[in-house]
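Just follow the structure's listing: the first ligand is 1, and inside any ligand the first atom is 1. If you're wondering where the values come from, they're calculated on a predicted model, not measured in any experiment.
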Amino acid sequence: MSALKDRLREKIEVHRPRTRRLIKEYGDVKVGEVTIAQAMNGMRGVKGLTTDISYLDPFEGIRFRGKTIPQTMEALPKPEGKDYPYVEGFWFFLLTGDIPTQEEAEEVVKDFQKRRQLPQYVIDLLRNMPGGTHPMAMFSAALLSMQQESKFAQYYGSGKFSKMDCWEYMYEDATDILSRIPSIAAYIYRMRFKSDMIIEPDYSLDMGGNFAHQMGIDVPYDDVARMYFIIHSDHESGNVSAHTTHLVASALSDAYYSLSAGLNGLAGPLHGLANQEVLSWVQGVKNKMGGKVPSKEEMKKFVWDTLNSGNVIPGYGHAVLRKTDPRYASQREFCLKHMPNDELFKFVDILYQVVPDILKEHGKAKNPWPNVDAQSGVIQWFYGLREYDFYTVMFGVGRAIGVLANITWDRALGYAIERPKSLTTDMLEKIAGIK
Ligand code: HAX
């Protein structure tokens, strides 16, 4: 038994009576009301989910287990000589709410190393997919192909399934998946974009270090990977990828089915794919400018042309946030330190100076400020990763950390199968008093 699993068990035992009490004794207390617009328009703002892993304040941004991004980065143990924490220690933190010691974080690193090896059939499957397959489809399919490994599904089929213990099997599946998906991502990248010159895993490295190694990119890309995976991990549980993963797991589907479904949602251009869209949009501007960095006035024209042609400005706006995304801010800080003179960073910086005012004048977007996706591709580009079709896969590796922590807790607390109620348009017209 690992120290992490022991700690998690203690936390779960302390938490369970709180959940039981709220449901049993206070289950009828109202937490809000639902309007017609909410019922018809994406349930925006409906308070219908519970998670303790992260909380998204519209003006402050994300807090992981109560800590802001800078506080999280500061508090967690780091590999020697590195600026960013072990992703494995962050996993410990998201699961338990406790900052691990250096030794505890390194024990998780060792556990991940032991589980890292991929079944050969995953590599064969990836190799046999048609050349035009999007890297996100490859990623989701590779994960789904490993469903047969699920310890949760085996436990369910064993005839001994207990709702009290099933979190342990979800935890095991989650840990297996997290240990393996950075390698899957790197295999996809090298197969698709580096003439299939794959690089075998290094079983002595931590998650960020091994990802950089298998991608074939030198330091400080290992720190870029650690930062990237951590900031993309969780954003409350109502966003498309987190909610989908939670929803599918609520049917007692295992982590392979659930995360694969969540990744399919992340692949949408209004969600995770926006980081690819940002780069593609900026490249379009760059081509039209013949490579020259546009002036503010020229950039304003590109932004208005995009809006006037009925398209959104990728990387701007958010369903919940109402200020600059702190995940954007933390990546901007990285850029200012490591690549202040990078040409693409200059493009993105000019965008930051012009887009919010234009979106305010345009008058539609409730949040004119940039989100995480406006900045992340620039860093990848700087370190030589120019194939922006691949960016959402890395987002998916990060997102897996948050959603897998969530579904482990979902099973520990016995959250029910999801089943909101639908109404017909007729019924809503009657409720509105127009019929
Ligand atoms: N550019 C132009 N118009 C925008 C806009 C943007 N960046 N953001 C919102 N709007 C428009 C909406 O399309 C909507 O228009 P209609 O009334 O004509 O439908 C209107 O403003 C109101 O939208 P909203 O309430 O402010 O935003 P939503 O909650 O409906 O949508 C989105 C939130 C993130 C999907 C939206 O802001 C958007 O499309 N942004 C661009 C794509 C993007 O960056 N997505 C990534 C978001 C972060 C994330 O999930 N990452 O994974």
Is the closest protein non-hydrogen atom to [atom] under 4.0 Å?
atom                    : answer
atom 19 (O) of ligand 1 : no
atom 52 (O) of ligand 1 : yes
atom 2 (C) of ligand 1  : yes
atom 23 (O) of ligand 1 : no

Any idea which protein heavy atom is nearest [atom], and the distance to it?
atom                    : answer
atom 4 (C) of ligand 1  : Ala365 CB, 3.9 Å
atom 25 (O) of ligand 1 : Lys366 NZ, 2.8 Å
atom 33 (C) of ligand 1 : Ala319 N, 3.7 Å
atom 40 (N) of ligand 1 : Tyr316 O, 2.9 Å
atom 47 (C) of ligand 1 : Asn371 ND2, 3.4 Å

TODO: Decide, yes or no, whether a salt bridge links Arg399 with Asp234 under the criterion of side-chain N to carboxylate O below 4.0 Å.
DONE: no
- [ ] Indicate, as side chain, backbone, both or neither, the part of Arg44 found under 4.0 angstrom from ligand 1 when only non-hydrogen atoms are considered.
- [x] side chain
Open item on the list: Can you tell me how the ring of Trp91 sits relative to the ring of Tyr171, calling it parallel under 30°, perpendicular over 60° and tilted otherwise?
Closed with: parallel
TODO: Describe, in one word, how the ring planes of His318 and His235 are oriented to each other, choosing from parallel (under 30°), tilted (30 to 60°) and perpendicular (over 60°).
DONE: perpendicular
Open item on the list: Quick check on the 6.0 Å ring-centre criterion: do Tyr156 and Tyr169 meet it?
Closed with: no
TODO: Give a yes/no verdict on whether any heavy atom in Leu307 is under 4.0 Å from an atom of ligand 1.
DONE: yes
Open item on the list: Going by the closest heavy atom to atom 42 (C) of ligand 1, which one wins out of Gly317, Pro269, Gly310?
Closed with: Pro269
Task: ligand 1 to Asn311 polar contact by distance, N or O atoms, under 3.5 Å - done: no
- [ ] If a pair satisfies salt bridge (charged side-chain N to carboxylate O under 4.0 Å, His left out) and one of its residues is in residues 54-71, list it, with sequence neighbours excluded.
- [x] Glu60-Arg63
